[in-house]
Structures are given as structure tokens and as C-alpha cells.
**Q** 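Pasting a structure below so you can have a look.
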Amino acid sequence: MLLVQHIRDHYDQVLAGLNKRNLKNAASALQQVLALDDLRKSSQTQRDQLQAEANTISKEIGILMKEGKTAEATAVRDRSALLKNQIKELEEQHEQAEEELKALLYTLPNVPYAAVPAGKSAEDNEVVLSHGEIPALWDGKLPHWELIKKYDIIDFDLGVKIAGAGFPVYKGKGARLQRALINFFLDQALAAGYVEVQPPILVNEDSGYGTGQLPDKEGQMYFANEDKLYLIPTAEVPITNMYRDVLVNASDLPIKNVGYTPCFRREAGSWGAHVRGLNRLHQFDKVEIVQITHPENSYATLEDMSAYVQGLLQKLELPYRVLRLCGGDMGFTSAMTYDMEVYSAAQERWLEVSSVSNFETYQANRLKLRFKGEDKKSLLAHTLNGSALALPRIVASILENNQEPDGIRMPKVLHPYLGFDRI
RNA sequence: AGAGAGUUGGGUGAGUGGCUGAAACCAACAGUUUGCUAAACUGUCGUACGGGUUAUACUGUACCGGGGGUUCGAAUCCCCCACUCUCUGCCA
């Protein structure tokens, strides 16, 4: 969430940023933030003064009692009872202002970075670069949902029987392709200096708030009611929350973690003809990279992470393009996001396979993730993450782009992981 | 799931109503000293939010797992919740 002090100090910039996101009523919301913060401060000042007086009186009573001056002690005691009521009132005012302020701040998205283009929807995203050639396929080409049936490698119907729509069963070479991709992605990340972690895939409410899924998107997460745990929509949640309430040394930065997890998304109400096959699932596999950096380095790191993800796509020989998301299309908590899209040659359209974002201090503020700098003051760190990569659409693209009349070629880098080179 | 014990500052750990924001030890930081990758000594050493200051200084309040209560006054007493550990049960 945004820092009130930052809103105060850079009011115009914050307002312009929120407008870039097309946030309604941004100006009035910011005004209200400042008003609530003023109220919070003034009520605290008053309360603290009265409390100080009450504390002094209590000490006096203690001394009088000790000296056996009971009558005097009783007289002073009455005075303190009066103070108590006033303090209670101010306390309530203070708490209410604080709660309202917090609730309001939760509704404000992150301020986009200067380089983020203005725009309202995905159509306004900026294509930063394209790489690779779009394969020309013969007329008999099939979309991946046909290919998986033809070669019997992924079974949606079986998944429906076991769980429901959007829970595919990977079989035979299909299952091995999953495992190969996961291992390939993890190995690549290790080589790039990321430390592997295997986090829980159910998380508590605090973690949901920490990375910003709550209070906004509870409808998108599966919830285990009996134990009040959420199934993670992405490994970003457990991995970033490892650093909740943590004060690290500046010398420990950057922290680089990678983790493979299944991801679960309810995707309530967003199904349609355009999300056939592997394009959208309730459960899928993803390798996620997370970095925690010094604020000065976060944008250089964002570029690094973007280049890293592109390297994966190049090794997989997939044609891709990189988008810089516009203000209107960016996620709630992000300050800048690159989306990587792979061309799926049978569907003849671009599929998002990765999203790399810098959250600046937005998550760190909620997480209370700080580092101790050289001046020994603690500052909020910057958090970043990216998919590296999400499997289903990568699989879809590999299947579609590499199909031949008698089989499907597998990318060379995967051969050692697969133990076969064609499906 | 049942029974019991516990949760204190970066760590270990004392503390059963006022002199405790909290002993002691360790770690860390700064300095002194001994001519040698070390030791000794001294000092500093929590966080958050306010007030105040050009910035410091200074100062107020809160915080001993979380929330509530009793009291003039709570780390300390009472209630609820969460978590951890031990034993039993179950189990990959």
C-alpha cells in the first residue's frame, strides 16, 4: 500500500499516477487520506498528553500509598478517573481514523512508474520488442486441444471426472514434458543465482494481505474454510511472505529466490470460447522468481529479470514479444510490468506466458519488509517477481508451433530432461 | 484429535501489581589498550507512531504472541484466540 508520507510529499505526482491508471475519484481519495491522517495525528497528540498526565498521577499514588498517606492518595485517584474517560474518547477517535485510513489505502493501487504508458486496456500496451520468426504451418495444422487428443498426452475429460473443468490430467509424454519443463526452469534459475525454495501452497490470511491478494481478490482464490487457508494463486504469495516482518541487512540484498509450485485460480466468471484447452486453467504449474532489492537497483533488476525470462523463451525456440503494460492494464500492486507473450501458431495469436513486475515499496510496506542501510536507518525494500515460466501456454505453444504431420518436435534444450525428442 | 507445558528485546534467558522498556549473558557497533588475523576494558546498542528541530538534540505515548477485562497503576491477575513444544492417538 502507498505511504501516506509519500502522498504528502509528492501529491501531484501520485495523483497523476493514479489518473494514469484511470482510477476514479483519485483526487478526492487522496484528499481524504490526508484528512484522515491529520485527524489521526491530532487525536494521538491529545491522547498522548492526557495519558502522560495520567501516568504521572499513577506514580504519585504509588508513592503516597507507600508513605501511608491513604487519604491523599484517594483524592488524587479521583482526578485520574476523570482523565480516563477523556482518554478513552480520544483513543476511539484515533483508532477509528487509523482504521479508516488503512481501509482507504487498501483501495488505492500502486503509482505507475514514469516509463509506464498511459492507456485504458490491453490494446494500449506498448510492444517493446519482438523476437523469433512466426512458423508457417501447413494447412493440416491443429490447435493444441486437438493435438493433445491425437497423441493422448493431456486428458481434460478425465480431469473433469476427478475434479472438474480446468483440472487436466497429464499423461505419458505429456506428464514427462511437465516435469522436464519444471526441472529445466529451476536449473536455469539456479544457474542465474537464484536460491531454490519449496514453500507451502496453502497460506494464511496474513500472507494474503502481505502481497495484496486480500482484501481485494478473495473471490479468485480457493479457500479451505475449516482451516482458514487459501490455495495460492502464485508462488509469489508464499515466497514473498517469507520476508514479512523481516529486517534484513543492506549487505544481504539482493535476495533472489526461485520456486516451483502448482497454482490455483478460481477464475470465477471469466470462461469463454477463447480460453479453450490450456489457455486458462484452475490448476497449473509455474516456476516463479522473486527478488528483494535495494530501492536504487529495482529497475535495473526488472530489466535483468525481463532479459532472463526472454533467455528462457529463446532457449525453447519460441517466438515472443515483450509488452510494457499501460496504466489501465497493470496489476493493482505493480509499478511497472512487462508481459512476455509467445506466439501460438495454430491459434494464430499471442499468449501471455510471463509477467515480470516491480512493486517498489507497495508490497514491502504491507509486509513490513525493511533493510538496515549504512546510516542505520531502516528503509522499505523493493520487491519484484516474475513467472519463469508458467507451463500451460508454453506447452500449448511448443505443441502447436513444432507440430509436423507425423509428430511434434521437442526443443533441443529439453531433450536431456525428457528422454525423448518427439511426441 | 486428547492431555500437559509454553510464547519476554538480534539470540539465550530473568522477572507473580508501582523503583521494569524490561536484569544477566551472548552477538553487534564505537573507542581505549596490548606490536601482531586474538584478548581485555569502556561505552553504545529495540520498534512504531506523535511533538519538536534546518537537521540533530530533546521529548510524549504505545508495544513483553494477538485481542479484551480487573486496577489509580499490568510483562506480572482474569477471559478469549492464535501459535509452538512434549506425551498419547492417527498417518505418508
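Since this is a predicted model, take the numbers as computed values, not measurements. Quick note on labels: first sequence line is chain A, next is B, and so on, each numbered from 1.
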**Q** Which one is paired to B:C64, where only Watson-Crick or G-U wobble pairs with both distances under 3.5 angstrom count?
**A**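 Pairing partner, where one exists within any strand: none, as none qualifies.
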**Q** Rounded to whole Å, please give me the gap between CG in A:N85 and C1' in B:C72.
**A**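 Going from A:N85 (CG) to B:C72 (C1'), I get 13 Å.
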**Q** Determine the interplanar angle of the A:F332 and A:Y362 rings, folded into 0 to 90°, and report it as parallel if under 30°, tilted if 30 to 60°, perpendicular if over 60°.
**A**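 A:F332 vs A:Y362 ring planes: perpendicular.
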**Q** With a 4.0 Å cutoff (strictly under), does any side-chain N or O of A:N55 reach OP1 or OP2 of B:G18?
**A**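 The answer is no; no side-chain N or O of A:N55 sits under 4.0 Å from OP1 or OP2.
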**Q** Looking at B:A55, which nucleotide sits across from it as a Watson-Crick or G-U wobble partner, both distances under 3.5 angstrom, or is there none?
**A**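 Paired with B:A55, as far as the under-3.5 Å criterion goes, is no nucleotide at all.
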**Q** Indicate whether the side chain of A:D339 and that of A:S355 have a donor and an acceptor atom separated by less than 3.5 Å.
**A**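 Yes.
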**Q** Which base sits across from B:A27 as a Watson-Crick or G-U pair, both distances under 3.5 Å?
**A**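 Paired with no nucleotide.
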**Q** Whole angstroms only, please: what is the NZ-P distance between A:K368 and B:U47?
**A**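 Going from A:K368 (NZ) to B:U47 (P), I get 15 Å.
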**Q** Looking only at side-chain atoms of A:D37, point me to the closest of B:U61, B:G50, B:G73.
**A**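 Nearest listed nucleotide: B:G50.
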**Q** What interatomic distance, in whole Å, is found between P of B:A75 and the corresponding atom of B:A39?
**A**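 It works out to 38 Å between them.
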**Q** Counting only side-chain heavy atoms from C-beta out, which of B:U71, B:A48, B:G50 sits nearest to A:T45?
**A**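 Looking only at side-chain atoms, A:T45 lies closest to B:G50.
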**Q** On RNA chain B, does the nearest nucleotide to A:G62 precede the nearest nucleotide to A:E53 from the 5' side, or the other way round? Give the residue.
**A**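 Its nearest nucleotide being more 5', the pick is A:G62.
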**Q** Once you apply a heavy-atom cut-off of 4.0 Å, does A:S58 come out as touching a base, just sugar-phosphate, or nothing?
**A**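 Base contact - A:S58 has a heavy atom under 4.0 Å of at least one base atom.
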**Q** Using whole Å, report how far CG of A:L50 lies from P of B:G51.
**A**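 Whole-Å distance recorded here is 16 Å.
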**Q** When you measure from the side chain of A:Q44, which nucleotide among B:G51, B:U61, B:C49 comes out closest?
**A**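 Of the options given, the side chain of A:Q44 lies nearest B:C49.
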**Q** I'd like the C1' distance from B:U12 over to B:C87, given in whole Å.
**A**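 The same atom, C1', in both gives a distance of 26 Å.
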**Q** Do A:Y299 and A:Y113 have ring centres separated by under 6.0 Å?
**A**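 Yes, the ring of A:Y299 comes within the 6.0 Å limit of the ring of A:Y113, centre to centre.
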**Q** Mind telling me whether A:Y194 and A:Y308 have parallel, tilted or perpendicular rings, with 30° and 60° as the class edges?
**A**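 Answer is tilted, since the angle falls between 30° and 60°.
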**Q** Could you let me know what B:C36 is paired to, Watson-Crick or G-U wobble, both distances under 3.5 Å, or none if it's on its own?
**A**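 Here B:C36 is not engaged in any pair, so there is no nucleotide opposite it.
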**Q** Using 30° and 60° as the class boundaries, would you call the ring planes of A:F167 and A:Y222 parallel, tilted or perpendicular?
**A**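 Because their plane-to-plane angle lies in the 30° to 60° range, the rings of A:F167 and A:Y222 count as tilted.
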**Q** What is the distance from CG of A:D206 to C1' of B:G65, rounded to the nearest Å?
**A**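 Going from A:D206 (CG) to B:G65 (C1'), I get 12 Å.
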**Q** Could you tell me how far apart A:D245 (CG) and B:G66 (P) are, to the nearest whole angstrom?
**A**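 From A:D245 CG to B:G66 P: 11 Å.
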**Q** Less than 4.0 Å between a side-chain N and a carboxylate O, is that true for A:D37 and A:R8?
**A**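 A salt bridge is present here (some side-chain N lies under 4.0 Å from a carboxylate O).
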**Q** Taking the same atom, C1', in B:C63 and in B:U8, what whole-Å distance lies between them?
**A**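 Between the two C1' atoms, the distance is 12 Å.
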**Q** When the C1' atoms of B:G10 and B:A28 are considered, how many whole Å apart are they?
**A**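 Those two atoms are separated by 8 Å.
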**Q** Is B:G17 paired to anything, Watson-Crick or G-U wobble with both distances less than 3.5 Å, and if yes, which nucleotide?
**A**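 Across any shown strand, B:G17 pairs with none.
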**Q** Heavy atoms from C-beta onward define the side chain here; which of B:U61, B:G18, B:U71 lies closest to that of A:D48?
**A**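 Of all the options, the side chain of A:D48 is nearest to B:U61.
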**Q** Rounding to the closest angstrom, what is the interatomic distance between B:C41 and B:U33 at atom C1'?
**A**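 My reading of the C1' atoms in B:C41 and B:U33 gives 8 Å.
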**Q** Any salt bridge between A:D152 and A:K173, counting N to O under 4.0 Å?
**A**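 Salt bridge absent between A:D152 and A:K173.
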**Q** What integer distance in Å separates A:K228:NZ from B:C81:C1'?
**A**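 It works out to 13 Å between those atoms.
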**Q** Among the nucleotides B:C49, B:G18, B:U61, which one has an atom lying closest to any side-chain atom of A:I61?
**A**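 Taking heavy atoms from C-beta onward, the closest nucleotide is B:G18.
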**Q** Do any side-chain nitrogens or oxygens of A:R370 fall under 4.0 Å of OP1 or OP2 in B:U47?
**A**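 It does not, given that no N or O in the side chain of A:R370 lies less than 4.0 Å from OP1 or OP2 of B:U47.
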**Q** Rounded to whole angstrom, note down the P distance from B:C25 over to B:G43.
**A**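 Approximately 11 Å lies between the P atom of B:C25 and that of B:G43.
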**Q** Can you tell me how far P of B:C49 sits from CG of A:N365, to the nearest Å?
**A**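 After rounding, the gap between these two atoms is 10 Å.
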**Q** Are the side chains of A:L278 and A:F284 in contact, using a 4.5 Å heavy-atom criterion?
**A**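 Not in contact.
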**Q** For B:C83 versus B:G66, give the span between their P atoms, rounded off to a whole number of Å.
**A**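 My reading of the P atoms in B:C83 and B:G66 gives 15 Å.
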**Q** Using Watson-Crick or G-U wobble geometry with both distances under 3.5 Å, which nucleotide pairs with B:C77?
**A**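 Its partner is B:G69.
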**Q** Could you identify the nucleotide paired to B:U84, looking across every strand shown and requiring Watson-Crick or G-U wobble geometry with both distances under 3.5 Å?
**A**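 Pair assignment: B:U84 / B:A5.
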**Q** Suppose you measure atom C1' in B:C45 against the same atom in B:A30; what distance do you get, rounded to whole Å?
**A**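 10 Å, rounded to whole Å.
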**Q** Under 3.5 Å for both donor-acceptor distances, Watson-Crick or wobble: does B:C90 have a partner, and if so which one?
**A**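 Across all strands, not a single nucleotide pairs with B:C90.
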**Q** Using a cut-off of strictly less than 4.0 Å, decide whether A:R40 has a side-chain nitrogen or oxygen near OP1 or OP2 of B:G50.
**A**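 Yes.
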**Q** Both A:K59 and A:K88 contact RNA chain B. Which one's nearest nucleotide lies toward the 5' end?
**A**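 The answer here is A:K59.
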**Q** Rounded off to whole Å, could you give me the CZ-to-P distance for the A:R244 and B:G66 pair?
**A**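 In whole Å, B:G66 P and A:R244 CZ are 14 Å from each other.
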